[in-house]
Number of protein chains: 2
Amino acid sequence: MLPTAAAGYELDPKQPIGAQVYGLLKRMIIGLTFKPNEALSEKELALRLGVSRTPVREALIRLADETLVDVFPQRGTVVSPIRVAEVMEAQFLREALEAAVVRRAAEQPSPTLIRDLSRLIDDQRHAATAGSPEDYMPLDEAFHRTISEGTGMPRSWRLIQSVKGQMDRVRFLSLPNKAHMLLLTDQHAEIFKAIETQDPDRAEAAMRHHLKQVLKTIQELAAEMPAIFA
Amino acid sequence: MLPTAAAGYELDPKQPIGAQVYGLLKRMIIGLTFKPNEALSEKELALRLGVSRTPVREALIRLADETLVDVFPQRGTVVSPIRVAEVMEAQFLREALEAAVVRRAAEQPSPTLIRDLSRLIDDQRHAATAGSPEDYMPLDEAFHRTISEGTGMPRSWRLIQSVKGQMDRVRFLSLPNKAHMLLLTDQHAEIFKAIETQDPDRAEAAMRHHLKQVLKTIQELAAEMPAIFA
DNA sequence: CGCCGGGATATGCCATGGTAGTATCTCACA
DNA sequence: TGTGAGATACTACCATGGCATATCCCGGCG
């Protein structure tokens, strides 16, 4: 368990606590610091984070909306198990959203979008060759976020994020190695090239192919470690 | 303004208050009981609904996640204006989601889905000929929800709902007449037929055509009543 | 007359106390 | 030994109070 006043997870009192707690808990759930089916008590969390129960509760409500936690009224709150059916649905919905967005991005890409994506791919290649998954995952996230927001669709990224959580836990189970990160970067480059050359069909196809990577891993993982899944 | 302890909006103390307040406020915002740009005070709402500020606050947080209200820290909370760009994005995202879902529905429609949709269309035809928009809108909602949930994708309906709010306010501005409701029902019937005959392409096309109805109205409305829009 | 500053007011934000409901554990009893 | 009923210890839920901060208004100064 975490020590009281969890070291390294200091909160900035100058910013809204509730939002910070939400982000913190979400990262800890996705990063499997909190294991699936683990009980989360409002009171205990508040104690450990050094805040009151109110912002913790608000964060848990938002996490429940994303089905990252299951709230049982008057009984307790637990980290939701990784439900295979739900991960599959999340994958399906994310693909539908990102395919549509990247298609639009490829129709009329803005110069700043081209520039930002190009830079991100360079960064990813460096992080991948260095072999550091901790540095790579934020860059992967930034790539997809940039496509949404750089195409003038900020809401789409919010939606994608809200379904991505379940999938990210699965991705965390299969530690990406250097070869894997390079493969992902190549797929990003392929998507980028389709956007740059304004080829919507190619962009959509590349995105769908890219996102299907996750599906390949979950099936075998479900067989390996059944305790974590529903 | 509403009288204290708003008549007709009684809350059931036996069920979670926060969730009830959320649903109530959402309906009132979509139904334009609360006008765009209208200030919403936690304290005042709590007073009128006869509950404490805590569940009201929780409801407002969830509404803020759907961008139905804008929360300005330490300043106040207002019903979000109808931003044309946001409605367009919501339309785009909803179309992407529902097109994907209805396509899957048409691939392997379950017998119960066929039966439920068939019944809903009958009900809609009755409500439309009776000319009662209040009765029709829930049936319209149920049609789309049934497709999602009847295809084993409950999460998709949650997502669709979260973007639908902005669009529903626009729909509420243009009171649907009897002819309009009959037209919508015909489009539902077309979608249904495509599902029943397991024709994914036709189902997707029919759904996209159906959803584009909203876009036709918003442009002229934005010109008519600019005060409501952003 | 216009600009600037200080105080009063209102807001959302966080902390805390009390309550109703549920699960578990214990102990008496069959 | 198995069983059931009651006490207990948790939980999430709602209510309430205090706080920091942003805004507005109004008076004074340039």
Side-chain angles (χ1 to χ4, degrees), chain A residues 1 4-6 9-25 29 34-81, chain B residues 1 4-6 9-25 29 34-81:
Chain A
M1 285 293 191
T4 307
Y9 291 117
E10 305 289 328
L11 298 178
D12 180 2
K14 281 300 174 188
Q15 293 181 359
I17 304 287
Q20 293 185 71
V21 173
Y22 163 74
L24 179 58
L25 291 182
I29 291 174
F34 290 133
K35 302 265 184 299
N37 292 313
E38 182 175 342
L40 296 180
S41 162
E42 287 182 2
K43 188 179 294 186
E44 186 182 329
L45 285 175
L47 201 64
R48 305 205 166 187
L49 297 177
V51 299
S52 95
R53 307 194 307 275
T54 304
V56 172
R57 174 174 169 72
E58 293 171 359
L60 288 178
I61 289 176
R62 297 180 61 183
L63 291 171
D65 281 338
E66 301 179 23
T67 67
L68 283 176
V69 303
D70 295 332
V71 178
F72 300 94
Q74 314 298 350
R75 286 197 288 152
T77 302
V78 299
V79 178
S80 69
Chain B
M1 286 292 190
T4 307
Y9 291 116
E10 305 290 329
L11 298 177
D12 180 4
K14 281 300 173 189
Q15 293 181 357
I17 305 287
Q20 294 184 70
V21 172
Y22 164 74
L24 179 58
L25 292 181
I29 290 174
F34 291 134
K35 302 264 184 302
N37 293 311
E38 183 174 341
L40 295 181
S41 161
E42 287 183 2
K43 190 177 294 187
E44 185 182 329
L45 285 175
L47 200 64
R48 303 202 169 193
L49 296 177
V51 299
S52 97
R53 305 196 305 276
T54 303
V56 172
R57 173 173 172 72
E58 293 171 358
L60 289 178
I61 288 175
R62 298 180 61 183
L63 291 171
D65 280 339
E66 301 180 23
T67 67
L68 284 175
V69 302
D70 294 332
V71 178
F72 300 94
Q74 314 300 347
R75 285 197 285 153
T77 302
V78 299
V79 178
S80 69

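All values below come from the heavy atoms of this structure, side chains included, with hydrogens, waters and symmetry mates left out.
- Closest heavy-atom contact between A/Gly18 and A/Glu58: CA-OE1, 4.4 Å.
- Remark on DNA chain C: of its neighbouring residues A/Arg53 and A/Ile17, the 5'-side contact belongs to A/Ile17, judged by nearest-heavy-atom nucleotide.
- Evaluation of the side-chain contact (heavy atoms from CB on, under 4.5 Å) rule for B/Val79 yields B/Ile29, B/Phe34, B/Glu38, B/Leu40, B/Arg169 as partners, not counting sequence neighbours.
- Checked against side-chain contact (heavy atoms from CB on, under 4.5 Å), B/Glu66 has the following partners two or more places apart in sequence or in another chain: A/Arg155, B/Tyr22, B/Lys26, B/Leu68, B/Ser162.
- Along DNA chain C, read 5' to 3', the first and last nucleotides having any atom under 4.0 Å from a heavy atom of chain B are C/dT11 to C/dG21.
- Residue order along DNA chain D, read from the 5' end via each residue's closest nucleotide, puts B/Val51 first among A/Lys14 and B/Val51.
- Rounded to the nearest 0.5 Å, atoms CD (A/Glu44) and CG (A/Leu49) are 10.0 Å apart.
- Applying the salt bridge (charged side-chain N to carboxylate O under 4.0 Å, His left out) test to A/Asp65 and every residue at least two apart in sequence or in another chain returns B/Arg62, B/Arg158.
- Remark: nothing in residues 56-69 of chain B comes within less than 4.0 Å of DNA chain D through any heavy atom.
- Nearest-nucleotide assignment on DNA chain C puts the 5′-proximal partner with A/Ala19, out of A/Ala19 and A/Gln74.
- The shortest distance between side-chain heavy atoms of B/Lys43 and B/Leu47 does not fall below 4.5 Å.
- Axis orientation changes by 10° from one end of the helix from C/dC1-D/dG30 to C/dA30-D/dT1 to the other, with each end axis drawn from 5 pairs and the value rounded to 10°.
- For the pair A/Leu45 and A/Leu25, the minimum side-chain heavy-atom distance is below 4.5 Å.
- For B/Gln20, the side-chain contact (heavy atoms from CB on, under 4.5 Å) partners two or more places apart in sequence, or in a different chain, are B/Leu11, B/Asp12, B/Gln15, B/Ile17.
- Atom CZ of A/Arg57 sits about 11.5 Å away from atom OG of A/Ser52, to the nearest 0.5 Å.
- A pairwise comparison of heavy atoms in B/Val21 and B/Ala59 identifies CG1-CB, 3.7 Å as the closest pair.
- Pairing each heavy atom of A/Pro81 with each of A/Asn37, the nearest pair is CB-OD1, 3.6 Å.
- Protein chain B contacts DNA chain D from D/dC14 to D/dT23, reading 5' to 3' and using non-hydrogen atoms of the protein with a distance under 4.0 Å.
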